[in-house]
Enquirer: 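Below is one structure. I have some questions about it.
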Amino acid sequence: AGIGKAGWSMAVPKGAGLEINIVDKITGGGALIYDEAAKRLSGAFKLQLGDSFVVSALGIYQRPTGTGPQSWLVLASLVAPQSGPGFTMQGVGLLFGSNRTTDPEAFLAGIATGDLDAVLFPDDPIGKASQYLAALERLFPTKQDATVLGISVQFGALEGRITFDLGVIIDIQH
């Protein structure tokens, strides 16, 4: 009688998550987030093997839009805690961004807001995924024909009582 209408339509999920816990020896998980309006797929991952090491990663894939090019940004780190009386290397991190650049003002503001935590060995990449991914978007905006490369190292001293992170980022404009 024209009062109702039925039909099918496709619904794309906005996110998915996975948690791993194998006898407390291997723990971690991951999350994927899709933002249909921004045409952006992003994710976070963390895997811990007992007390031996932790592998974590954050990533963003931006499909081409009317205002920006297709771009990638991947940040991965490996932390292997060591103890000793002197200085020890605790971890190493790598960063790669295609069609991404750096925003110096966002980096300066990131010191106060904590955005740099997303770049230098994020402590809870899954739990703080949306916060860290938003920080990476501010720090590394899309830009056609630009590449960002980075490496970071985490050092410890006095049997892990003191840690400090050091990083270098290279912004290449083609």
Side-chain angles (χ1 to χ4, degrees), residues 10-20 26-49 53-80 89-155 165-174:
M10 186 172 154
V12 178
K14 294 183 180 181
L18 172 70
E19 184 176 344
I20 301 169
I26 301 173
T27 58
L32 279 176
I33 304 161
Y34 181 66
D35 183 348
E36 188 172 351
K39 298 184 184 204
R40 181 176 37 244
L41 178 65
S42 53
F45 172 80
K46 180 179 181 180
L47 188 64
Q48 182 167 345
L49 181 60
F53 66 87
V54 178
V55 176
S56 60
L58 294 164
I60 301 170
Y61 168 67
Q62 177 69 54
R63 291 178 47 199
T65 63
T67 59
Q70 172 181 324
S71 68
W72 286 92
L73 183 68
V74 178
L75 174 75
S77 65
L78 171 68
V79 176
M89 188 170 89
Q90 302 288 319
V92 64
L94 299 172
L95 171 88
F96 173 74
S98 173
N99 286 329
R100 294 277 177 163
T101 189
T102 56
D103 183 346
E105 282 117 30
F107 271 87
L108 289 174
I111 294 170
T113 63
D115 280 357
L116 296 185
D117 292 345
V119 178
L120 294 170
F121 304 96
D123 61 348
D124 185 10
I126 299 169
K128 298 178 181 176
S130 56
Q131 174 188 341
Y132 287 157
L133 293 166
L136 291 175
E137 285 286 345
R138 287 188 293 274
L139 297 170
F140 303 101
T142 59
K143 183 177 181 186
Q144 183 71 41
D145 298 326
T147 302
V148 177
L149 302 170
I151 187 165
S152 56
V153 181
Q154 185 177 68
F155 294 100
D165 304 336
L166 190 63
V168 175
I169 296 173
I170 301 170
D171 191 345
I172 303 167
Q173 306 294 317
H174 305 277

Enquirer: If you round to the nearest 0.5 Å, how far is CD1 of I126 from CG of L18?
Expert: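 So the gap between those two atoms works out to 8.5 Å.
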Enquirer: To the nearest 0.5 Å, how far apart are CZ in R138 and CG in L133?
Expert: 10.5 Å
Enquirer: Donor-acceptor pair, K46 side chain versus D123 backbone, under 3.5 Å?
Expert: yes
Enquirer: What's the shortest heavy-atom distance between L58 and P122, and which atoms?
Expert: CD1-CG, 4.1 Å
Enquirer: Is the closest basic N to carboxylate O distance between R100 and E137 below 4.0 Å?
Expert: yes
Enquirer: Under 30°, 30 to 60°, or over 60°: which ring-plane class applies to F140 and F107, parallel, tilted or perpendicular?
Expert: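 The rings of F140 and F107 stand perpendicular, inter-plane angle above 60°.
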Enquirer: Applying side-chain contact (heavy atoms from CB on, under 4.5 Å) to R40 and I60, what does each step give before you reach the verdict?
Expert: CA-CA 7 Å; R40 181 176 37 244; I60 301 170; 3.5 Å; yes
Enquirer: Could you walk me through whether F53 and L47 pass side-chain contact (heavy atoms from CB on, under 4.5 Å), step by step?
Expert: CA-CA 8 Å; F53 66 87; L47 188 64; over 6 Å; no
Enquirer: Roughly how far apart are I33 CD1 and L41 CG, rounded to 0.5 Å?
Expert: 9.0 Å
Enquirer: List the atom of P125, the atom of F45, and the distance in Å for their closest heavy-atom pair.
Expert: CG-O, 3.8 Å
Enquirer: Ignoring hydrogens and angles, state whether a donor on the side chain of N99 or T142 is under 3.5 Å from an acceptor on the partner side chain.
Expert: no
Enquirer: Might you point out which heavy atoms bring F121 and S77 nearest each other, and give the distance in Å?
Expert: CD2-CB, 3.8 Å
Enquirer: Stepwise, does the side-chain contact (heavy atoms from CB on, under 4.5 Å) test hold for S152 with D165?
Expert: CA-CA 7 Å; S152 56; D165 304 336; over 6 Å; no
Enquirer: Are the side chain of Q62 and the backbone N or O of A38 linked by a donor-acceptor pair below 3.5 Å?
Expert: yes
Enquirer: Can you name the nearest heavy-atom pair linking K39 to P64, along with the distance?
Expert: CD-O, 4.1 Å
Enquirer: How close do T102 and P141 get, counting heavy atoms only, and between which atoms?
Expert: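 Minimum heavy-atom contact is C-CD, 4.3 Å.
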Enquirer: If you compare all heavy atoms of T101 against all heavy atoms of V148, which two are closest, and at what distance to 0.1 Å?
Expert: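 Smallest heavy-atom distance, with atoms named: CA-CG2, 3.6 Å.
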Enquirer: Quick check: do L149 and F96 have side-chain heavy atoms less than 4.5 Å from each other?
Expert: yes
Enquirer: Show your reasoning for whether side-chain contact (heavy atoms from CB on, under 4.5 Å) applies to L73 and L95.
Expert: CA-CA 7 Å; L73 183 68; L95 171 88; 3.8 Å; yes
Enquirer: Heavy-atom count check: over 12 atoms from other residues, nucleotides or ligands less than 6.0 Å from Q173 CD?
Expert: yes
